[in-house]
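The model shown is predicted, which means the values in this text are computed figures rather than measured ones.
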Amino acid sequence: MHEKTSVDTMIAGLTVGVTRSAEETGIAKLTPLHREVVASMPRASEQEIRVLFATLLPGDVTPYHWHRFPVTVFVVEGTFTLALEGREPIAIAAGQVLVEPAHVKMRGYNRGDVPARMALFYVCEPGAPFADAVST
């Protein structure tokens with residue numbers, strides 16, 4: 001049986017990290033995966049939200065590139081290694097999240113033995129390219 005709940009109650013539930021479930025048992029818990037403050041989000045009156053899925057096979061390497069806005073990476077399988085200019089490479093394993101910073105040159109790798117699969121979340125100005133190539 002479904003129970004109707006007011007918008008105010010639902011917003012209050014989100015505020016404390018729980019939402020009402022359609023199940024009679026009651027509450028579904030939200031598990032925060034990552035939270036980070038960034039200063040480089042689009043400031044236009046409209047933004048475009050993109051959710052992409054990427055697979056890098058063992059040995060795959062991305063082109064050398066940079067992003068105009070931050071990219072949130074959630075690895076669901078394998079390990080994704082990211083080499084950001086001027087920093088040591090970072091290995092992001094399945095279940096982990098990393099925010100790729102805007103305006104930083106980078107290259108991604110799959111140095112493992114299994115595919116690296118990840119969901120990418122990108123908020124940008126409408127029509128903006130996902131990445132810009134860097135000449136080497």
Side-chain angles (χ1 to χ4, degrees):
M1 173 178 225
H2 294 282
E3 176 184 332
K4 290 187 179 182
T5 303
S6 73
V7 172
D8 290 338
T9 301
M10 294 305 291
I11 291 171
L14 289 172
T15 302
V16 296
V18 294
T19 58
R20 293 285 301 163
S21 171
E23 300 291 323
E24 289 183 11
T25 56
I27 303 296
K29 293 182 182 178
L30 298 176
T31 303
L33 298 177
H34 186 81
R35 186 173 179 169
E36 183 171 331
V37 175
V38 297
S40 51
M41 298 301 288
R43 296 193 186 340
S45 61
E46 292 184 330
Q47 295 81 35
E48 181 177 332
I49 299 171
R50 299 180 191 169
V51 180
L52 305 108
F53 197 81
T55 300
L56 274 72
L57 298 176
D60 280 356
V61 178
T62 70
Y64 195 43
H65 67 282
W66 62 278
H67 299 284
R68 297 175 186 199
F69 304 101
V71 177
T72 303
V73 179
F74 176 63
V75 178
V76 296
E77 179 184 345
T79 300
F80 173 61
T81 300
L82 187 65
L84 298 165
E85 183 177 60
R87 305 177 196 179
E88 292 296 316
I90 304 163
I92 307 108
Q96 294 182 322
V97 176
L98 174 87
V99 177
E100 296 179 356
H103 306 288
V104 175
K105 297 173 187 174
M106 64 189 75
R107 187 181 310 268
Y109 301 87
N110 180 353
R111 295 180 172 159
D113 298 328
V114 299
R117 300 185 198 282
M118 62 208 85
L120 309 172
F121 303 89
Y122 188 56
V123 178
C124 60
E125 294 171 350
F130 174 68
D132 291 279
V134 175
S135 302
T136 55

Interatomic spacing from [atom1] in [X] to [atom2] in [Y] - rounded to 0.5 Å:
X      : Y     : atom1 : atom2 : answer
Asp132 : Arg68 : CG    : CZ    : 4.0 Å
Cys124 : Met41 : SG    : CE    : 9.0 Å
Lys105 : Trp66 : NZ    : CH2   : 10.0 Å
His103 : His67 : NE2   : NE2   : 11.5 Å

Under a plain distance cut-off of 3.5 Å, with no hydrogens placed, do Thr55 and Arg117 share a side-chain donor-acceptor pair?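 Yes - a donor-acceptor pair under 3.5 Å links their side chains.
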Atom CD of Glu46 with >12 non-hydrogen neighbours under 6.0 angstrom: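 Not buried by this count: 12 neighbours or fewer within 6.0 Å.
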What class does the angle between the rings of Tyr122 and Phe69 fall in, given that below 30° is parallel, 30 to 60° is tilted and above 60° is perpendicular? tilted
Could Arg87 and Glu85 be called an ion pair, given the rule that one side-chain N must be under 4.0 Å from one carboxylate O?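 Result for this pair is no, no salt bridge flagged.
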Please confirm whether the backbone N or O of Leu56 pairs with a side-chain atom of Asn110, one donor and one acceptor, at under 3.5 Å? yes
Under 3.5 Å donor-acceptor, Thr79 side chain and Ala93 backbone: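 No, because the side chain of Thr79 does not come within donor-acceptor range (under 3.5 Å) of the backbone of Ala93.
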Partner of Glu100 under side-chain contact (heavy atoms from CB on, under 4.5 Å), chosen from Leu120, Ile92, Val73: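 Per the side-chain contact (heavy atoms from CB on, under 4.5 Å) rule, the option paired with Glu100 is Val73, out of Leu120, Ile92, Val73.
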Working for side-chain contact (heavy atoms from CB on, under 4.5 Å), residues Tyr109 and Asp60: CA-CA 6 Å; Tyr109 301 87; Asp60 280 356; over 6 Å; no
Side-chain contact test, heavy atoms from C-beta onward, threshold under 4.5 Å: evaluate it for [X] versus [Y] and give yes or no.
X      : Y      : answer
Ile90  : Leu84  : yes
Met118 : Phe53  : no
Arg50  : Phe121 : no
Arg43  : Glu125 : no
Val99  : His34  : yes

Can you check side-chain contact (heavy atoms from CB on, under 4.5 Å) on Val123 and Glu48, steps first, answer last? CA-CA 6 Å; Val123 178; Glu48 181 177 332; over 6 Å; no
What pair of heavy atoms forms the shortest contact from Pro70 to Ala102, and how long is it?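 That would be N-CB, 3.9 Å.
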Apply the test side-chain contact (heavy atoms from CB on, under 4.5 Å) to residues Val75 and Gln96: give CA-CA distance (whole Å), side-chain angles for both, the deciding distance (0.1 Å), then the verdict. CA-CA 6 Å; Val75 178; Gln96 294 182 322; 5.7 Å; no
